[in-house]
J.: 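Before we start, here is the structure in question, set down as structure tokens.
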Amino acid sequence: MAMINTAYVLPTYRRQGIASLLLASTEAKCRAWGATGIHLGFIEGNVAAEAAYRKAGYMTTRRSMLRSLD
């Protein structure tokens with residue numbers, strides 16, 4: 001199994017299609033490895049990331065919650 005922990009486009013380079021290219025290339029590599037799906041996550045409130053993923057055809061399937069015990 002392979003895992004990409006973080007993908008990030010610097011603010012200067014946003015809105016140029018880079019995130020779409022990263023997703024497309026990641027999907028192509030996963031298909032080549034025989035994967036049948038991709039699960040990804042992003043921080044709640046990251047509207048830009050959510051919009052990019054939705055534009056690429058991803059959909060919300062679950063939500064999670066976190067509570068610090070510190």
Side-chain angles (χ1 to χ4, degrees):
M1 174 184 277
M3 179 179 183
I4 297 173
N5 191 44
T6 304
Y8 183 79
V9 177
L10 293 170
T12 304
Y13 300 102
R14 291 182 186 162
R15 312 243 356 122
Q16 297 179 35
I18 294 170
S20 296
L21 290 171
L22 287 170
L23 281 172
S25 121
T26 300
E27 290 170 4
K29 182 54 83 173
C30 289
R31 279 188 197 94
W33 288 336
T36 58
I38 295 175
H39 175 265
L40 57 81
F42 59 94
I43 296 171
E44 183 81 21
N46 188 339
V47 177
E50 183 175 5
Y53 298 145
R54 286 190 187 283
K55 182 179 177 183
Y58 289 79
M59 63 185 156
T60 302
T61 58
R62 67 178 171 182
R63 296 182 143 227
S64 65
M65 297 178 80
L66 172 68
R67 179 175 187 250
S68 174
L69 298 178
D70 292 342

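All heavy atoms count here, side chains included; hydrogens, waters and symmetry mates do not. It should be emphasised that the depicted structure is a prediction, and the values quoted were computed from it without experimental measurement.
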J.: Run the side-chain contact (heavy atoms from CB on, under 4.5 Å) test against L66 and tell me which residues pass, sequence neighbours left out.
T.: none
J.: Determine, stepwise, if the pair E44 / N46 fulfils side-chain contact (heavy atoms from CB on, under 4.5 Å).
T.: CA-CA 6 Å; E44 183 81 21; N46 188 339; over 6 Å; no
J.: Checking R54 against T60 for the side-chain contact (heavy atoms from CB on, under 4.5 Å) test, could you report, in this order, the C-alpha distance in whole Å, the side-chain angles of both residues, the deciding distance, and whether it holds?
T.: CA-CA 9 Å; R54 286 190 187 283; T60 302; 3.0 Å; yes
J.: Which ILVMFWY residues are connected to Y58, directly or by a chain of links, through side-chain heavy atoms under 4.5 Å apart?
T.: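 Its cluster partners, ordered by chain and number, are L23, I38, L40, F42, Y53.
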J.: Please tell me whether T36 and R31 have a donor and an acceptor in their side chains that are separated by less than 3.5 angstrom.
T.: no
J.: Yes or no on side-chain contact (heavy atoms from CB on, under 4.5 Å) for I18 and L10, after CA distance, side-chain angles and deciding distance?
T.: CA-CA 10 Å; I18 294 170; L10 293 170; over 6 Å; no
J.: Please determine whether the number of non-hydrogen atoms from other residues, nucleotides or ligands lying under 6.0 Å from atom OH of Y13 exceeds 12.
T.: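 No, OH of Y13 has 12 or fewer neighbouring heavy atoms, counting only those of other groups under 6.0 Å.
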